[in-house]
Visitor: 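Here you go, one structure.
Here is the naming used below: chain letters follow the sequence lines, and residue numbers restart at 1 for every chain.
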Amino acid sequence: MTTERYNPRESETKWQKIWDERQTFKTPNDPSRPKYYVLEMFPYPSGRIHMGHVRNYAMGDVVARYKRARGFNVLHPMGWDAFGMPAENAAMQNKSHPAKWTYENIAAMRRQLQSIGLSLDWSREIATCDPSYYRHQQKMFLDFLAAGLVDRKQSKVNWDPVDQTVLANEQVIDGRGWRSGALVEQRELTQWFLKITDFSQDLLDSLDTLDRWPEKVRLMQKNWIGRSEGLLVRFELDAATAPADASELEVFTTRPDTLFGAKFMAIAPDHPLAKAAAVGNQALGEFIDECRRIGTSVAALETAEKKGFDTGIRARHPFDPNWLVPVYVANFILMDYGTGAIFGCPAHDQRDLDFVNTYGLGNTPVVCPADVDPSSFTITDVAYDGDGRMINSRFLDGMTALKAKEEVSRRLEAETLGNRPKARRQVNFKLRDWGISRQRYWGCPIPIIHCDDCGVTPVPVKDLPVVLPDDVTFDQPGNALERHPTWKFVNCPSCGKPARRETDTMDTFVDSSWYFARFTDPWNTESPTTRSVVDHWLPVDQYIGGIEHAILHLLYSRFFTRAMRKTGHCDLAEPFRGLFTQGMVVHETYKGKDGSWLTPNEVKFVSDSSGRRGFAIVTDEEIVIGPSEKMSKSKRNTVDPDDIIGTFGADTARWFMLSDSPPERDVAWTEEGVQGAARYVQQLWRLVNDLAEIAAPVGATMPATIGPEALKVRRAVHTHLMHVEEHIDRLRFNTAIAEIRKLSNDLISILSEMDQPADSADLKFAFREAADVLVLLFSPMMPHLAEDCWALIGHTAPVSESTWPSLDRSLTISESITLPVQVNGKKRAELTIAADADSKAIELEAVKLEGVLRALEGRPVRKVIVVPQRIVNVVG
RNA sequence: GCGGACGUGGCGAAACUGGUAGACGCAAGGGACUUAAAAUCCCUCGGAGUAUUCCGUGCGGGUUCGAUCCCCGCCGUCCGCACCA
């Protein structure tokens with residue numbers, strides 16, 4: 001019998017149209033049904049989707065379709081992270097407008113996404129650059145401001161003097177702007193900040209509750225938040241050496257135990273005391289300037305040696321007024337951590353040791369490791385930062401370092417300097433407040449008006465949204481809003497006098513910090529969220545995206561839900577209950593003799609038992625096959641989803657993306673692999689055609705008696721069904737797919753081994769069940785093929801609207817099992833026995849087996865270990 | 001430097017986290033069908049061996065009846081943070 005080949009191109013567009021017409025994936029806000037919210041990180045509308053998107057959305061779609069079939073009301077929306085620099089750069093190049101570029105890209109990418117057959121509710125689509133979205137963001141900014149969650153303060157920024165904008169740290173490469181190549185300056189600018197540090201402790205503590213997040217991401221966030229417990233210690237300055245106004249220096253330390261090992265104090269170049277000391281000290285002033293110039297770029301930090309400059313100031317040791325410690329300005333002290341000042345204990349801190357070794361200040365070990373004789377313990381160029389007992393430390397000697405920490409803290413808290421305690425305990429965080437001001441046009445305007453009389457004045461809510469003007473030009477660098485002839489000139493909403501709009505816009509990370517909440521009711525024109533709706537849908541049950549967002553996006557979103565809760569926009573702290581970070585799509589690289597990269601389309605291959613070689617199609621020259629790397633334009637190893645879908649169909653692309661590697665790991669796109677997936681599409685099509693011929697009609701009831709052949713089919717079906725469920729539940733798509741292939745392999749071999757036509761009622765029923773289950777199992781991965789197969793086997797409603805098969809667990813347990821039998825840990829025999837046989841019966845049978853007796857070589861059996869349902873081990 | 005993850009066939013991987021190592025697939029080799037190719041179907045496929053055998057999960061030890069999995073020490077690869085006092 002011949003079956004026509006399955007034609008994905010015709011089929012896929014047909015079913016996409018049908019789903020659309022039937023509104024199959026439209027999700028009502030129906031609180032009566034159990035909900036499931038699955039979300040993939042929304043894309044930036046760069047113009048075209050890439051294979052990484054296909055992988056990401058294929059995973060989310062499997063979860064969405066699976067949960068839908070299992071009876072959940074599934075929310076699976078899509079939108080666009082649409083503000084950002086690339087749109088402005090494109091506008092500059094094309095003499096166009098960022099909005100035009102962005103919306104054209106959105107249209108193109110929406111079409112591409114639709115060709116993948118994703119089960120998305122497009123009626124909820126949002127674009128963050130649309131005033132209908134960002135107006136609510138402006139409202140929340142004002143609410144945050146009123147709630148004390150917004151700050152406006154001076155801060156140091158990376159300033160690109162050519163592009164005239166602030167650059168993020170990631171945009172500074174070797175001290176130069178990534179676009180302009182200009183030397184980046186450190187500037188003090190007044191910036192808007194969101195006070196994420198208000199939640200430092202909670203953001204840290206709550207990580208423990210995120211048990212469905214990757215451990216790696218939680219750890220990265222933990223390190224980023226960077227909590228450390230320590231002591232703030234006030235050192236009195238020697239009046240004879242200190243500047244007139246300065247009487248003390250406060251430092252932060254996590255090692256108060258090492259106070260008697262102090263050899264110097266060091267302060268940041270921007271520390272107020274450094275500035276005071278530089279007055280009338282030209283050499284010191286020059287040193288400070290030099291530190292500033294080198295700045296804090298990564299390259300500078302890696303190579304810069306520890307440098308310092310003695311201010312001449314001396315500080316008194318907190319436990320000994322006669323002990324004077326020199327105060328240095330040093331280039332490795334950060335002003336924005338702790339107090340911008342430290343005491344240096346070189347024996348137990350590598351940086352301090354490097355420093356004293358340059359300036360000849362010496363070191364005194366004060367913590368001695370347990371296995372070392374204190375009298376011979378010396379430090380030369382490796383600091384000791386481990387545990388031990390105190391030495392050379394007066395009243396601390398003999399204590400453990402831990403005890404000494406406590407003792408020093410206790411004593412200094414009790415002693416006073418100028419009527420205040422000499423020290424207090426403090427918790428410090430590395431986490432900084434989130435600077436959101438960007439000197440860009442294509443972002444969400446910050447709804448603030450600056451008035452000479454009234455100062456910083458919020459835009460009244462009735463005047464929202466503050467809309468970006470359309471008539472802007474990009475013929476010169478800098479912020480188009482700033483130089484717009486009229487936009488920024490408004491009257492003060494408070495006093496009515498002429499005033500100016502804030503021309504900074506918000507960091508685009510703000511846009512993506514709450515879009516998941518907006519999806520729950522994107523139709524609300526009055527408020528960012530509708531409380532009854534948002535509280536029902538959130539948290540997102542399964543969030544899927546790239547590991548590159550492990551810190552910023554995910555941390556900002558966690559902050560945002562807390563801030564939204566505080567301002568009444570939602571009622572939860574943690575937005576993402578489950579997080580999954582998928583791996584990249586990589587591809588081999590091809591390099592010609594002349595060192596130029598070739599695309600996969602420009603190369604042909606020859607494979608035989610000696611290996612695989614590649615040749616340039618045009619020149620026939622042999623090329624070098626390089627390692628698989630992330631798809632990139634520069635290495636020309638990209639594969640275009642449109643081409644793949646056009647050639648093989650979306651189902652094949654989806655199947656291959658999910659099948660080859662575990663989802664969290666990188667997957668290598670290969671021509672052979674995608675062809676294997678395409679072959680399987682045809683194999684399934686043939687199999688379902690064969691089943692359609694012999695299966696009982698749709699909805700046939702189970703016959704009273706099921707013969708052994710039919711039982712075999714049913715057992716296979718339900719066993720594989722059980723395993724596929726387990727794999728999808730754990731997001732193990734690759735093993736789910738292996739399990740589906742096992743089922744189809746089983747069915748193919750059962751069909752080929754049948755020597756008689758399946759005309760008995762029980763077999764017909766079993767094959768009906770097999771066909772239904774098989775199609776339903778692969779329908780989340782290959783939905784279009786599944787629809788055609790579903791229709792072929794007689795169903796009238798789409799498989800996308802059908803319910804998941806119910807598992808009969810009794811069919812997954814067989815009457816007899818075959819256990820491997822080991823002798824001394826090595827497999828020597830197999831034992832087939834009743835599944836419910838007890839351990840004693842198994843033991844008696846096992847020691848009689850021929851293979852066991854042979855391996856024992858006449859030795860007596862000393863012990864038999866029976867692991868139920870698993871294995872038998874005979875020890876002898 | 002600090003923190004973390006990972007090393008299994010020619011390749012991607014699996015092994016229900018202590019219980020038959022290599023499922024499922026890719027590539028390769030052999031065969032059937034065909035004038036031929038594609039497609040399809042059958043067989044082989046970790047190494048050695050005539051074997052009902054031995055060896056084998058980066059390397060070296062250990063715990064255990066039994067270790068890819070747990071412990072100790074190395075080697076290698078990748079990732080994150082980075083002068084955070």
Visitor: Near A:K604 NZ, under 6.0 Å, is it more than 12 heavy atoms from other residues, nucleotides or ligands?
Guide: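 It does: A:K604 NZ has more than 12 such atoms within range.
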Visitor: Applying the side-chain contact (heavy atoms from CB on, under 4.5 Å) criterion to A:M722, which one of A:H718, A:E726, A:E725 satisfies it?
Guide: A:E726
Visitor: Categorize A:R854 for me: base, sugar-phosphate, or nothing, with a 4.0 angstrom heavy-atom threshold over every strand shown.
Guide: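 Base, at least one base heavy atom under 4.0 Å.
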Visitor: Is there a side-chain contact (heavy atoms from CB on, under 4.5 Å) between A:M781 and A:I740? Walk through the geometry before answering.
Guide: CA-CA 11 Å; A:M781 295 91 171; A:I740 292 170; 4.0 Å; yes
Visitor: Apply the side-chain contact (heavy atoms from CB on, under 4.5 Å) test between A:R828 and each candidate in A:V874, A:L853, A:V823; give the one that qualifies.
Guide: A:V823
Visitor: Using the P atoms only, state how far B:G9 lies from B:G58, rounded to an integer number of Å.
Guide: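 One P to the other, the span is 8 Å.
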Visitor: Looking only at atom P, what distance separates B:U17 and B:C54, rounded to whole Å?
Guide: 29 Å
Visitor: Side chain of A:R686: nearest nucleotide among B:C41, B:C54, B:G12?
Guide: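 Between B:C41, B:C54, B:G12, the one nearest the side chain of A:R686 would be B:C41.
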Visitor: Is a salt bridge present between A:K635 and A:E629, judged by a nitrogen-to-oxygen distance below 4.0 Å?
Guide: yes
Visitor: Taking only N and O in the side chain of A:R218, is any of them less than 4.0 Å away from OP1 or OP2 of B:G3?
Guide: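 The answer is no; no side-chain N or O of A:R218 sits under 4.0 Å from OP1 or OP2.
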Visitor: What nucleotide, of B:A85, B:U20, B:A14, holds the atom closest to the side chain of A:T735?
Guide: B:A14
Visitor: At 4.0 Å (heavy atoms only), tell me whether A:R612 reaches a base, stays on the sugar-phosphate, or touches nothing.
Guide: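 No contact at all - A:R612 keeps every heavy atom at 4.0 Å or more from the nucleic acid.
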Visitor: Would you say the base of B:C83 and the side-chain of A:K306 have a donor-acceptor pair closer than 3.5 Å?
Guide: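 For A:K306, whose side chain was compared with the base of B:C83, there is a donor-acceptor pair (under 3.5 Å).
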Visitor: Measure from the side-chain heavy atoms of A:I865 and tell me the nearest of B:G19, B:C54, B:A27.
Guide: B:G19
Visitor: At 4.0 Å (heavy atoms only), tell me whether A:N428 reaches a base, stays on the sugar-phosphate, or touches nothing.
Guide: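 Here A:N428 touches no strand at all.
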Visitor: With a sphere of 6.0 Å drawn around CZ of A:R212, does it hold more than 12 non-hydrogen atoms of other residues, nucleotides or ligands?
Guide: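 More than 12 within 6.0 Å, yes.
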Visitor: Under 4.0 Å between any heavy atoms, over every strand shown, what does A:R741 touch: base, sugar-phosphate, or nothing? Just pick one.
Guide: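 Sugar-phosphate, backbone atoms only, no base.
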Visitor: Between A:S228 and B:A85, is there a side-chain N or O to OP1/OP2 distance below 4.0 Å?
Guide: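 Answer is yes, contact under 4.0 Å.
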Visitor: Report the distance from atom CD1 of A:I625 to atom C1' of B:C11, rounded to the nearest whole Å.
Guide: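 Whole-Å distance recorded here is 13 Å.
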Visitor: Between B:A5 atom P and A:K222 atom NZ, what is the distance in whole Å?
Guide: 13 Å
Visitor: Heavy atoms under 4.0 Å, any strand shown: does A:T670 hit a base, just sugar-phosphate, or nothing?
Guide: nothing
Visitor: OP1 or OP2 of B:C55 versus the side-chain N and O atoms of A:K826: is any pair under 4.0 Å?
Guide: yes
Visitor: Please determine, for the side chain of A:R732, which listed nucleotide (B:A14, B:C81, B:C26) has the closest atom?
Guide: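 Per side-chain heavy atoms of A:R732, the pick is B:A14.
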Visitor: For the pair made of CZ in A:F235 and C1' in B:A85, what is the distance, rounded to whole Å?
Guide: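 The distance from CZ of A:F235 to C1' of B:A85 comes to 12 Å, rounded to the nearest Å.
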Visitor: Using a 4.0 Å heavy-atom cut-off, does A:Q682 contact any base of the nucleic acid, only the sugar-phosphate backbone, or nothing at all?
Guide: nothing
Visitor: Taking A:R234 first and then A:E250, would you say they form a salt bridge - that is, a charged N and a carboxylate O separated by under 4.0 Å?
Guide: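 Answer for the salt bridge query: no.
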Visitor: Just the rounded figure in Å: distance from C1' of B:C83 to CG of A:L353.
Guide: 14 Å
Visitor: Whole angstrom is fine here: how far is it from CD1 in A:I551 over to P in B:C79?
Guide: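 My rounded result for the distance is 15 Å.
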Visitor: Applying a 4.0 Å non-hydrogen cut-off, can you work out what A:Q822 is touching in the nucleic acid: base, sugar-phosphate, or nothing?
Guide: base
Visitor: Taking any heavy-atom pair under 4.0 Å as a contact, classify A:N734: base, sugar-phosphate, or nothing.
Guide: sugar-phosphate
Visitor: Is the distance from OP1 or OP2 of B:C26 to the nearest side-chain N or O of A:R679 less than 4.0 Å?
Guide: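 It does, given that an N or O in the side chain of A:R679 lies less than 4.0 Å from OP1 or OP2 of B:C26.
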Visitor: If we take the C1' atom in both B:C33 and B:C42, what is their distance in whole Å?
Guide: 11 Å
Visitor: Using atom CD of A:E671 as one end and atom P of B:G25 as the other, report the distance to the nearest whole Å.
Guide: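 Answer to the nearest Å: 20 Å.
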Visitor: Think A:Q683 has a side-chain N or O under 4.0 angstrom from the OP1 or OP2 of B:C41?
Guide: yes
Visitor: Take atom P in B:G18 and the same atom in B:A51, then report the distance between them in whole Å.
Guide: 36 Å
Visitor: Compute the centroid of each ring, for A:F509 and then for A:W434, and state whether the two points are separated by less than 6.0 Å.
Guide: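 Not close enough - the centres of the two rings lie 6.0 Å or further apart.
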Visitor: Measuring to OP1 and OP2 of B:G25, would you say a side-chain N or O of A:N745 lies under 4.0 angstrom away?
Guide: yes
Visitor: Just to be sure I understand the rule, does A:D349 reach a base, reach only the sugar-phosphate, or reach nothing, if contact means heavy atoms closer than 4.0 Å?
Guide: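 Nothing: the residue A:D349, judged by heavy atoms under 4.0 Å, touches no strand.
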Visitor: Between B:C74 and B:C2, how far is it from one P atom to the other, in whole Å?
Guide: 13 Å
Visitor: Out of B:C24, B:U20, B:C81, which nucleotide sits closest to the side chain of A:A738?
Guide: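 Per side-chain heavy atoms of A:A738, the pick is B:C24.
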Visitor: Taking only N and O in the side chain of A:R870, is any of them less than 4.0 Å away from OP1 or OP2 of B:G66?
Guide: no
Visitor: Using modelled atom types only, decide if a donor and an acceptor are shared between the side chain of A:E588 and the backbone of A:N637 within a distance under 3.5 Å.
Guide: no
Visitor: If you only use heavy atoms from C-beta on, which nucleotide in B:C83, B:A14, B:G19 is closest to the side chain of A:V867?
Guide: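 Selected nucleotide (nearest to the side chain): B:G19.
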Visitor: Mind running side-chain contact (heavy atoms from CB on, under 4.5 Å) on A:S744 and A:L684 for me, showing each step along the way?
Guide: CA-CA 7 Å; A:S744 64; A:L684 276 176; 4.1 Å; yes
Visitor: Among B:A14, B:A23, B:C79, which is the nearest nucleotide to the side chain of A:K216?
Guide: B:C79
Visitor: Taking the inter-plane angle between the rings of A:F355 and A:Y359 on a 0 to 90° scale, is it parallel (under 30°), tilted (30 to 60°) or perpendicular (over 60°)?
Guide: tilted
Visitor: Considering only the C1' atoms, how many Å lie between B:G4 and B:A82, rounded to the nearest integer?
Guide: 14 Å
Visitor: So what does A:R730 touch, heavy atoms closer than 4.0 Å: a base, only the sugar-phosphate, or nothing?
Guide: nothing
Visitor: Would you kindly compare A:Y337 and A:R5 by the position of their nearest RNA chain B nucleotide and give the one closer to the 5′ end?
Guide: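 Counting from the 5' end, the first nearest nucleotide belongs to A:R5.
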Visitor: Say you pick atom C1' in B:G7 and the same atom in B:G12; how far apart are they, in whole Å?
Guide: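 Here B:G7 and B:G12 have their C1' atoms 15 Å from each other.
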Visitor: Scan A:L219 against the nucleic acid and name what it touches under 4.0 Å (heavy atoms): base, sugar-phosphate only, or nothing.
Guide: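 It contacts sugar-phosphate atoms only.
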Visitor: In whole Å, measure the gap between the C1' atoms of B:G3 and B:U53 for me.
Guide: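 Comparing C1' positions in B:G3 and B:U53 gives a spacing of 48 Å.
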Visitor: Is A:G676 touching bases, backbone alone, or none of the nucleic acid, heavy atoms closer than 4.0 Å?
Guide: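 Answer is sugar-phosphate: A:G676 comes under 4.0 Å of backbone atoms only.
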Visitor: Does A:R665 make a side-chain N or O approach to OP1 or OP2 of B:C78 shorter than 4.0 Å?
Guide: no
Visitor: Distance check needed: B:A15 C1' versus A:H727 NE2, whole Å only.
Guide: 11 Å
Visitor: Nearest to the A:N873 side chain among B:A85, B:U20, B:G19, which nucleotide is it?
Guide: B:G19
Visitor: In the 5'-to-3' direction, what one-character label does each nucleotide of nucleotides 29-34 of chain B receive under the scheme B = base within less than 4.0 Å of a protein heavy atom, S = sugar-phosphate only, - = no such atom?
Guide: ------
Visitor: Would you mind checking if A:E664 and A:R732 are paired as a salt bridge, meaning a charged N to carboxylate O distance below 4.0 Å?
Guide: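 A:E664 and A:R732: salt-bridged.
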Visitor: Under 4.0 Å, counting only non-hydrogen atoms across every strand here, what does A:I333 touch: a base, just sugar-phosphate, or nothing?
Guide: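 Contact class for A:I333: base.
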